[in-house]
Amino acid sequence: MNFRRFFVQEKYIPQSVEEKWQERWEARKSFSVTEDPAKKKYYLLEMFPYPSGKIHMGHVRNYSIGDVMARFKRMRGFNVLHPMGWDAFGMPAENAAIQNNCHPAAWTYENMAYMRGQLKRMGFSYDWDRELATCDVEYYRWEQQIFLRMYEKGLAYKKTSYVNWCPSCETVLANEQVEDGGCWRCDSEVKQKELDQWFFRITAYAEELLECTHRLPGWPERVLTMQRNWIGKSFGCEITFKLEGRDEGIVVFTTRPDTLYGATFMSLAPEHPLAATITTPGQQEAVAAFVEKIAKSDRAGRTADDLEKEGVWTGAFCLNPLTGGRMPVYLANFVLMEYGTGAVMAVPAHDQRDFEFARKYRIPVEVVIQPDGEPLDPATMTVAFTEVGTMVNSERFDGMKSDAAKEAIADHLAAAGIGKKSINFRLRDWGISRQRYWGNPIPIIYCDLCGVVPVPEADLPVTLPTDVLFTGEGGSPLARLDSFTSVPCPVCGRAARRETDTMDTFVQSSWYFLRYCCPDLTTAPLDKARAGYWMSVDQYIGGIEHAVLHLLYARFFTKVLRDLGYVDVDEPFTNLLTQGMVIKDGAKMSKSKGNVVDPNSLIQRYGADTARLFSLFAAPPEKDLDWSDQGVEGSFRFINRVWKLVFEILPFITGATALDREKLTEEGKGLRRIVHKTIRKVTDDIEGRFHFNTAIAAIMEMVNALGAFEPKNDPRNAALLREALTALVTMLAPFVPHAAEELWEGLGNTGSLAECSWPSFDPAAAADEELVVVVQVNGKLRDRITVPVSASEEEIREAALSAERVQSFMDGKSLLKVIVVPGKLVNIVVA
RNA sequence: GCCCGGAUGGCGGAAUUGGUAGACGCAAGGGACUUAAAAUCCCUCGGUCGUGAGGCUGUGCCGGUUCGAUCCCGGCUCCGGGCACCA
């Protein structure tokens, strides 16, 4: 034996061990995969990172969780696809360009190179051959093709709309990207601006997106609930109200047709097209002022809690279709053009907003639903009555329960041609235009003669130009670059100009998981056959903050690609694991809080295995993880303990022959039982519920038992100890792969543990011969008895009743009942 | 306001289907080794009463169901997340 080598092994030096195995894995291409119809595939994916500079603890946690699953599934015989890439377009690159006078591409690619090094240094088992970056023209060119096909189908379209505008980022924000009236990235106050924008028609898929949430049993229920709420399907009725003295009418959507008899006024959104046309000359000035004021206030303000209800009368009236009553038409600040029809029939008695509005502007309140008990009086009401009650003042519907009247009145309106049942969604189309440079150019050309002309597919890609000036002012740099914008019209050949908007980065992350199946394909975005082999993603892992946006867009995009004929997949992610945040000192780790732990310093001090082990051991994945420096220390100590134990036992097992169960000592059988029980528990914890913390705890218990086991040097125990150490090292492989590999080699094995099988447990070896049964008297624990596993219920009952301590508690009392729970406890009820 | 989570020792957490509350780890205290320290190893470790055996008590609070409740039900408090004039 090489003495020097032995010496190195004796002490755990993570850095050298880790680098050694990382090189070997890379040289052996241990984690590269191809489609193999003979093997069961398993597609494991973690949300890819934005290349912001360096990895943070959230990444370490996310990717450690994923790597456990990837390595575990590989050891279980699956053909595991475990790719990694970069969500590489985005504003920080452009901001860095403005601040540091460096090109966004240079900044991004440098960051990617650095972070790739960090991920490799963590020992994550990725198939790096499939690495992709969304800012690479070989990626985004295909997205342009998809855009064009969506445009052909009307799934990508343009419309003028008021949008959330971040003056700092100089870009449009989706409604969901506005947080508390501020930009979700930079926190600047969001303004309203009218722009011509590109949209994806996600609303065309609202029904399917909603329906499929009921067929995703592998998703956390709360994520599905959030998505359902986001889509927001509601059943109701569209009703037309005739305008007095005009031919046109106002169409409203309502979920409460039962309250129609109580509608006493009408509210329109200030942006409603009718607002301008119906306003009477006398009200012109007031209406104009009101509209102006609303346009200035930001959208966030309009949806704020404490917004004072405000409105203005247009001077016009419409008619209640059932009562014929005259209803003044108001514009109201709380009515949104985006939802429903932008018009609300107002029923002050039975809607709180309408009630407050009516009181403020002295509009009559008409009660049409009475609660059980004390009847409502419009003159004295202080809040609206919104529950189910009995219909009144509603002609032929009087006396009905209001929930039944909903249906009845809707039918009546339909029959009379005044209204129809309808379904409304809260979901709005996805605005994808960004007035930014560092994104995927939208492949469209504007010609004065031919109008909007899609770039012919043969002319793709529309490549991002590199000679761009970044000043941070005046919107998109692309728009000022004549060499980019000037282009002949593909139809008529005359001078035309390019679209300068780029696509939202959520577009790239909506299909990257499909591209991983064929990242090298140069003739099309996707290979149906290869995607067919790998998709869907069996396990997707990422932060809960993406519960709605990214995960809904990715589902939508997958369905679109299916309908465009690219793939045969309905849903992208079969199982979803949403991991919690990394917390330190009671707050989310962030630069601004100054509580960031740098993975580099951890690796330097303890090695990647310790960083991985701690992030897995401290909490189950779905919960927030409380960072603790002492906890890291503890994880490091554990690896050292294992290390020392293996090398302590090693000399005694080198000559071990095959294990003979018959020749085991009693102590040996006991240890073997622990080993096989541990294998069972660790397997269940990883596979069934992702509870790596309890799996690791079980391994720790086994290590403690091994350490306490004596005598280690008895030749009769050699085979047993070899089995135990082999199981130990193999089970550690998904958690601390480098140390496990080195110990595996130390045990005399060649090759790589990464290519070995997960241990199976022997039920016979794991089975107990006797067990402890708890004895309670009146539900209180009084004694424990040890009985053979084979003991019958009757035998256990007798043993429990005759136990000495039990007797003393039963003394002088009469026995009422004995409950025997096999294998667990006996409860004796006395009085 | 609505919806969804959560609350267990000094701390992170465990108890998987209503059946032994506190596994495992951290911190703390005591001891061994050491000239000393670090490292390592051993012991103790929810509260309370008791010399001890052991008793009582204890999973945010109040009540209920049950032989038995951290777990189920009703009411409340606090914390976190999501949504919000959604007609």
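A note on names: the letters A, B, ... follow the listed sequences, proteins ahead of strands, and every chain is numbered from 1. In this text, all values refer to a predicted model and were calculated from it rather than measured experimentally.
Contacts of A:Arg228 with the nucleic acid, taken as non-hydrogen atoms under 4.0 Å apart, are absent. Across all strands shown, A:Phe425 has no heavy atoms under 4.0 Å from either base or sugar-phosphate atoms. Among the heavy atoms of the strands, none lies under 4.0 Å from A:Gly232. At the heavy-atom level, A:Lys681 lies under 4.0 Å from base atoms of the strands shown. Residue contacts for A:Arg222: at a heavy-atom cut-off of 4.0 Å it reaches the sugar-phosphate backbone alone, with no base atom in range. Residue contacts for A:Asn827: at a heavy-atom cut-off of 4.0 Å it reaches a base atom on one of the strands shown. When heavy atoms are screened at a 4.0 angstrom cut-off, A:Asn704 is found touching the sugar-phosphate backbone but no base atom. Base contact: A:Arg784 has a heavy atom under 4.0 Å from a base atom. Among the atoms of the strands shown, none is found under 4.0 Å from any heavy atom of A:Gln352. When heavy atoms are screened at a 4.0 angstrom cut-off, A:Val821 is found touching base atoms of the nucleic acid.
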Quick one: do A:Val826 and A:Ile819 satisfy side-chain contact (heavy atoms from CB on, under 4.5 Å)? Show the steps, please.
-> CA-CA 6 Å; A:Val826 178; A:Ile819 290 134; over 6 Å; no

Salt bridge (Lys or Arg N to Asp or Glu O under 4.0 Å) assessment of A:Lys421 paired with A:Glu407 = CA-CA 9 Å; A:Lys421 285 187 191 172; A:Glu407 195 76 6; 2.8 Å; yes

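Nucleotide B:A28 is matched to B:U44 when pairs are restricted to Watson-Crick or G-U wobble geometry with both distances under 3.5 angstrom. Pair assignment for B:C33 gives none, since no Watson-Crick or G-U wobble pairing has each distance under 3.5 Å. Summarising the base pairing, B:U51 is matched to no nucleotide, lacking a Watson-Crick or G-U wobble pair whose two defining distances lie under 3.5 Å. Applying the Watson-Crick and G-U wobble criteria (two distances, each under 3.5 Å), B:C67 pairs with B:G19. Of all nucleotides present, only B:G6 satisfies the Watson-Crick or G-U wobble test against B:C78, with each distance under 3.5 Å. The nucleotide B:A39 finds no pairing partner, because no Watson-Crick or G-U wobble arrangement with both distances shorter than 3.5 Å includes it. Base pairing analysis places B:G1 opposite B:C83; the two distances defining the Watson-Crick or G-U wobble pair are each below 3.5 Å.
Taking the six-membered ring for Trp and the full ring otherwise, the centers of A:Phe357 and A:Phe334 sit less than 6.0 Å from each other.
For A:Phe253, the side-chain atoms get nearest to B:A87 when compared with the rest of B:C67, B:A87, B:A27. Counting only heavy atoms from C-beta on, A:Ala697 has its side chain closest to B:C24 among B:C24, B:C85, B:C56. The side chain of A:Thr255 lies closest to B:A87 when the candidates are B:A14, B:A87, B:C24. Taking only side-chain atoms of A:Lys817, from C-beta outward, the nucleotide of B:C67, B:C26, B:A21 with the closest atom is B:C67. For A:Lys824, counting side-chain heavy atoms from C-beta on, the closest listed nucleotide (B:C85, B:G13, B:G19) is B:G19. Which of B:G19, B:G55, B:C26 sits closest to the side chain of A:Phe809 comes down to B:G55. Side-chain atoms of A:Glu701 lie closest to B:C24 of the nucleotides B:C24, B:A87, B:A27. Distances from the side chain of A:Leu336 to the nucleotides B:C85, B:G55, B:G25 place B:C85 closest. Of the candidate nucleotides B:A14, B:C3, B:C67, B:A14 has the atom nearest to the side chain of A:Arg689. Considering only the side chain of A:Arg426, B:C83 comes nearest among B:A14, B:C83, B:G12.
One interatomic measurement links the two molecules: CZ of A:Arg641 to P of B:U40, which rounds to 9 Å at whole-angstrom precision. Atom-to-atom, CE of A:Met337 to C1' of B:C85 comes out at 17 Å; the value is rounded to the nearest Å. Distance OH (A:Tyr339) to C1' (B:C83): 13 Å, rounded to an integer number of Å.
Evaluation of atom-type donor-acceptor distances gives no pair under 3.5 Å for the side chain of A:Lys780 against the base of B:U57.
Look at A:Glu310 and A:Lys293 and you find a salt bridge, because one of the NZ, NE, NH1 or NH2 atoms lies within 4.0 Å of a carboxylate O, short of that distance. Of the charged side-chain nitrogens involved, none lies within less than 4.0 Å of a carboxylate oxygen, so that A:Asp684 and A:Arg689 do not count as a salt-bridged pair. Under a 4.0 Å N-O distance rule, the pair A:Arg228/A:Glu221 qualifies as a salt bridge.
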Which atom pairs, donor and acceptor, lie under 3.5 Å between side-chain atoms of residues 771-779 of chain A and protein residues at least two apart or in another chain?
from: A:Asn778; atom 1: OD1; to: A:Val830; atom 2: N; distance (Å): 2.9
from: A:Asn778; atom 1: ND2; to: A:Val830; atom 2: O; distance (Å): 3.3

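Toward the 5′ end of RNA chain B lies the nearest nucleotide of A:His691, the other residue of the pair A:His691 and A:Gln776 mapping further downstream.
Rounded to whole Å, the P atom of B:G63 lies 15 Å from the corresponding atom of B:U70.
With a glycosidic angle no more than 90° from 0, B:G9 adopts the syn conformation.
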